[in-house]
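Convention: sequence-line order gives letters A, B, ...; per-chain numbering from 1.
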There are 2 protein chains.
Amino acid sequence: MRKKVTLKQLAKELNLSISTVSKSLKNDPEISQKTINRVHELADFYNYKPNALAVSLKSSKTKTIGVVLPEILNHFFAKALFGIEQEASKSGYKIVTCITNESYSKEVEYVEMLNYSSVDGFIVALSQETQVLNKFDHYQALKRDNVPIVMFDRVSEEIECDKVIVDDKVASKNAIQYLVDTGCRKIAVIKTIGDLSVAKLRLEGVKEVTAQNNGVSLVELSLGDSESFENEIENFLKTNDIDAVLGLDETAAAVTINMSLKLGYKIPEDISVIGFTDGLLSKHSYPKLTTVSQHAEDLGARAAQILVNQLDNFTENYKTKTEIIKTSLIVRDSTN
Amino acid sequence: MRKKVTLKQLAKELNLSISTVSKSLKNDPEISQKTINRVHELADFYNYKPNALAVSLKSSKTKTIGVVLPEILNHFFAKALFGIEQEASKSGYKIVTCITNESYSKEVEYVEMLNYSSVDGFIVALSQETQVLNKFDHYQALKRDNVPIVMFDRVSEEIECDKVIVDDKVASKNAIQYLVDTGCRKIAVIKTIGDLSVAKLRLEGVKEVTAQNNGVSLVELSLGDSESFENEIENFLKTNDIDAVLGLDETAAAVTINMSLKLGYKIPEDISVIGFTDGLLSKHSYPKLTTVSQHAEDLGARAAQILVNQLDNFTENYKTKTEIIKTSLIVRDSTN
DNA sequence: GTGAAAGCGCTAACAC
DNA sequence: GTGTTAGCGCTTTCAC
């Protein structure tokens, strides 16, 4: 087993002290150029790299960011993770990723674990269960330890920290407005049970717009378990006289398109469809889905930027902020 | 800034030595029960947790696995990552995830970085560029350092390490055989340029089966840039008289379905379609795609299991193995 | 210019 | 039973 070379070994081989070698590697002007050269030469020869663990122990900085996500099979979070990783690695940070599977207890466990692993900071999207239970002691503990947190998308007002969110309410208002503007009058909203905070906001937006527009009616369909998604939507479409559907997540919209096709409804002639989250399904449905893009990559990247900035430029009285990333309506073929 | 409590502080407050405290926390029988109790009590009070950095420095184990992926927006790798994370966390390992974006130089950089961060082991899927360039010095370096590596899906014979792969050749043979068995005779294979090793195997499988079956013809379409995917496929379908398509990745198959719909071809009556990778698109296309499932989660999970097992039960003369995860053909509605 | 020494927080062999 | 000591690999202050 080849062991990684240490300062000690370099020092010994060069007949120098450890501290001299250490300083030489940092090109300390205290050290003679000649020594510096000798040291660098041998260090290069052995491909010396300082042991990150030891450096971290000394500096109490690990150049590591803990990323806590509720899901990863959801394309939205995969995109966000991508944005985070890109941005973090740009600044020399590694990310350790944990997936809570929407579970509160897993979230607590991971946050504590990461904290005791001395990550420099956290990027978090809350799990659904955490949002329901409204318990945030694990984050309060971080704050007491003075570990910076940036939350994105799934956030809570109860925790004072930087946040990067999407204005879901405005987004759904725009989507509905677009439907109304293109002549739709009998609008259905299909929502999944999950995603409380976010879904609630989206629904609020919907209601505001429909309330303001005379002659526009609204029907809601709440979906249960994903097993029966398709049948529920199919039945809903059959039994309701509607001319537009807003799916509060991507799957709901995609399935709506498929079931309409199955029932022989023409899209967008008979029914216009808009979805949330501009993922794979939206791009590869037929017809292609008009969709609210939440710019997940940007969200993640921005969260990472804010955190890195906070880590690299520590300030005593930091004032937290909430940043809103604009959504955009990507108009494709499922609307008029 | 509250500092995390250390052994030293506990020792001081209890008027004990650091080592006594350390041993007490481990319930060392050397220590009197009374002391043990006192120590535990105070440790609990302060919610003491050993500093992972210090423990790692001492033990040269970080309980961390470096995961190097070529992509994350690809559902296959997202699923694999999920499997890895689940399995790793089960055994108390954290994962630090790096995404090479199919770039060789990024891969090298990340592997070195992770190695100098003292990850205990690696789980890797090679980047496309690395596979093309056929350069693996960065892994040879790991082997010299005696750091275990498990590769999955995108592997190379040039590196001796544990591997978890899918038998792509058998998988595509089965897919084609299924098409033949259900009456298809004029089969098209649509392949993307990328994914060399894997795509090559899949194509080999295809050719073997078509060669063995008299009366079965094969046409190939190689796709360029994703921008023009759809047009290319549409034109191809228009100008070729075929009754079945095997898409060598999920997108190719999904787009084939959509373009067939557009052209008014009935699926599966006019054209049968099979895809690779059982992702979101396959489940939410219309009609639903018959697809080769590579069980990405299992792949990832198995890779993690093998690595963890190797890490937790170190043996001197370890013999590497290659494990093949069986694929399965998930028959849905796009085939007869 | 170079080196000795302390210390980051922990473990473990070895006193007493 | 408890404490002392050395050491993991590094940085940094201070002495020479």
Side-chain angles (χ1 to χ4, degrees), chain A residues 1-40 42-43 46-64 113 115-120 145-146, chain B residues 1-40 42-43 46-64 113 115-120 145-146:
Chain A
M1 156 109 72
R2 187 185 81 166
K3 300 258 302 172
K4 282 167 202 163
V5 72
T6 65
L7 283 187
K8 199 180 182 177
Q9 293 161 52
L10 293 179
K12 191 172 153 203
E13 195 155 333
L14 289 163
N15 262 314
L16 288 170
S17 73
I18 293 177
S19 50
T20 303
V21 175
S22 172
K23 286 173 191 163
S24 300
L25 288 170
K26 300 197 160 44
N27 296 312
D28 192 318
E30 260 183 359
I31 309 292
S32 74
Q33 196 55 49
K34 195 175 146 215
T35 306
I36 292 191
N37 292 341
R38 283 181 62 214
V39 171
H40 269 112
L42 194 70
Y46 281 125
N47 191 24
Y48 168 82
K49 293 276 164 36
N51 178 320
L53 248 30
V55 175
S56 295
L57 182 58
K58 229 11 307 202
S59 64
S60 39
K61 290 199 186 321
T62 53
K63 283 281 183 180
T64 301
M113 189 264 287
N115 191 25
Y116 287 108
S117 308
S118 306
V119 297
D120 293 342
D145 284 351
N146 243 284
Chain B
M1 158 108 71
R2 187 185 82 166
K3 300 260 299 175
K4 283 168 201 162
V5 72
T6 66
L7 283 187
K8 200 181 182 178
Q9 291 162 56
L10 293 180
K12 193 171 153 204
E13 196 155 332
L14 289 162
N15 262 311
L16 289 170
S17 73
I18 293 178
S19 55
T20 305
V21 175
S22 172
K23 285 174 191 162
S24 300
L25 288 169
K26 300 195 160 47
N27 296 312
D28 191 317
E30 263 182 357
I31 309 291
S32 75
Q33 196 55 49
K34 198 177 144 211
T35 307
I36 293 190
N37 292 340
R38 284 180 62 215
V39 171
H40 269 110
L42 194 69
Y46 281 126
N47 191 23
Y48 168 82
K49 292 275 166 35
N51 179 319
L53 248 30
V55 175
S56 295
L57 182 59
K58 195 80 246 219
S59 64
S60 39
K61 288 196 187 323
T62 54
K63 283 281 183 180
T64 301
M113 190 263 287
N115 190 25
Y116 287 109
S117 308
S118 307
V119 296
D120 293 343
D145 283 351
N146 242 282

(request) Take atom CG of Asn37(B) and atom P of dG1(D), then tell me their distance rounded to the nearest Å. (result) 14 Å
(message) Rounding to an integer number of Å, can you tell me how far Leu7(A) CG sits from dA4(C) C1'?
(response) 15 Å
(request) Send over the distance from Gln9(B) CD to dG9(C) P, rounded to a whole Å. (result) 8 Å
(message) Need the bend value for the helix from dG1(C)-dC16(D) to dC16(C)-dG1(D): angle between end axes, 5 pairs each end, nearest 10°.
(response) 60°
(request) Using atom CD1 of Ile31(A) as one end and atom P of dT11(D) as the other, report the distance to the nearest whole Å. (result) 13 Å
(message) Could you tell me how far apart Leu10(A) (CG) and dG3(C) (P) are, to the nearest whole angstrom?
(response) 14 Å
(message) Whether the side chain of Lys4(A) engages the backbone of Asn115(B) through a donor-acceptor N/O pair (distance < 3.5 Å, no angle test) should be reported.
(response) yes
(message) I want to check one thing: is the phosphate of dC10(C), taken as OP1 and OP2, less than 4.0 Å away from some side-chain N or O of Tyr116(A)?
(response) no
(request) Decide yes or no, distance alone: a donor-acceptor N/O pair under 3.5 angstrom between the base of dG3(D) and the side-chain of Ser19(B). (result) yes
(message) If I take atom CG in residue Leu14(A) and atom P in nucleotide dT2(C), what distance separates them, rounded to the nearest angstrom?
(response) 11 Å
(request) Look only at the side chain of Ser22(A) and the backbone of Ile18(A), and say whether a donor-acceptor pair between them is shorter than 3.5 Å. (result) no
(message) Looking at Thr6(B), I'd like to know whether one of its side-chain N or O atoms comes within less than 4.0 Å of OP1 or OP2 on dG9(C).
(response) no
(request) Between Ile18(A) and Ser32(B), name the one whose nearest nucleotide on DNA chain D is closer to the 5' end. (result) Ser32(B)
(request) Take Asn51(A) and Ser24(B), find for each the nucleotide of DNA chain D with the closest heavy atom, and name the residue whose nucleotide sits nearer the 5' end. (result) Ser24(B)
(message) More than 12 heavy atoms of other residues, nucleotides or ligands under 6.0 Å from NZ of Lys12(B): yes or no?
(response) no
(request) To the nearest 0.5 angstrom, please state how far the CG atom of Leu7(B) sits from the CG atom of Asn51(B). (result) 9.5 Å
(request) State whether a side-chain donor-acceptor pair under 3.5 Å links Tyr46(A) with Glu13(A). (result) yes
(request) May I ask you to verify whether the side chain of Lys4(A) and the base of dG9(D) hold a donor-acceptor pair under 3.5 Å? (result) no
(request) In whole angstrom, give the distance that lies between atom NZ of Lys26(A) and atom P of dC10(D). (result) 9 Å
(message) For Thr62(A) versus Val119(A), what's the shortest heavy-atom pair and its separation?
(response) OG1-CA, 3.7 Å
(request) Tell whether Lys58(A) reaches the base of dG9(D) with its side chain through a donor-acceptor pair below 3.5 angstrom. (result) no
(message) So, OP1 or OP2 of dG1(C): does either fall under 4.0 Å of a side-chain N or O from Thr20(A)?
(response) no
(request) Could you check how far NZ of Lys8(A) sits from C1' of dG9(D), rounded to whole Å? (result) 9 Å
(request) Ignoring the backbone of Glu30(A), work out which of dC10(C), dC14(D), dT2(D) is nearest its side chain. (result) dC14(D)
(message) Does dT12(D) have its OP1 or OP2 closer than 4.0 Å to a side-chain nitrogen or oxygen of Lys23(A)?
(response) no
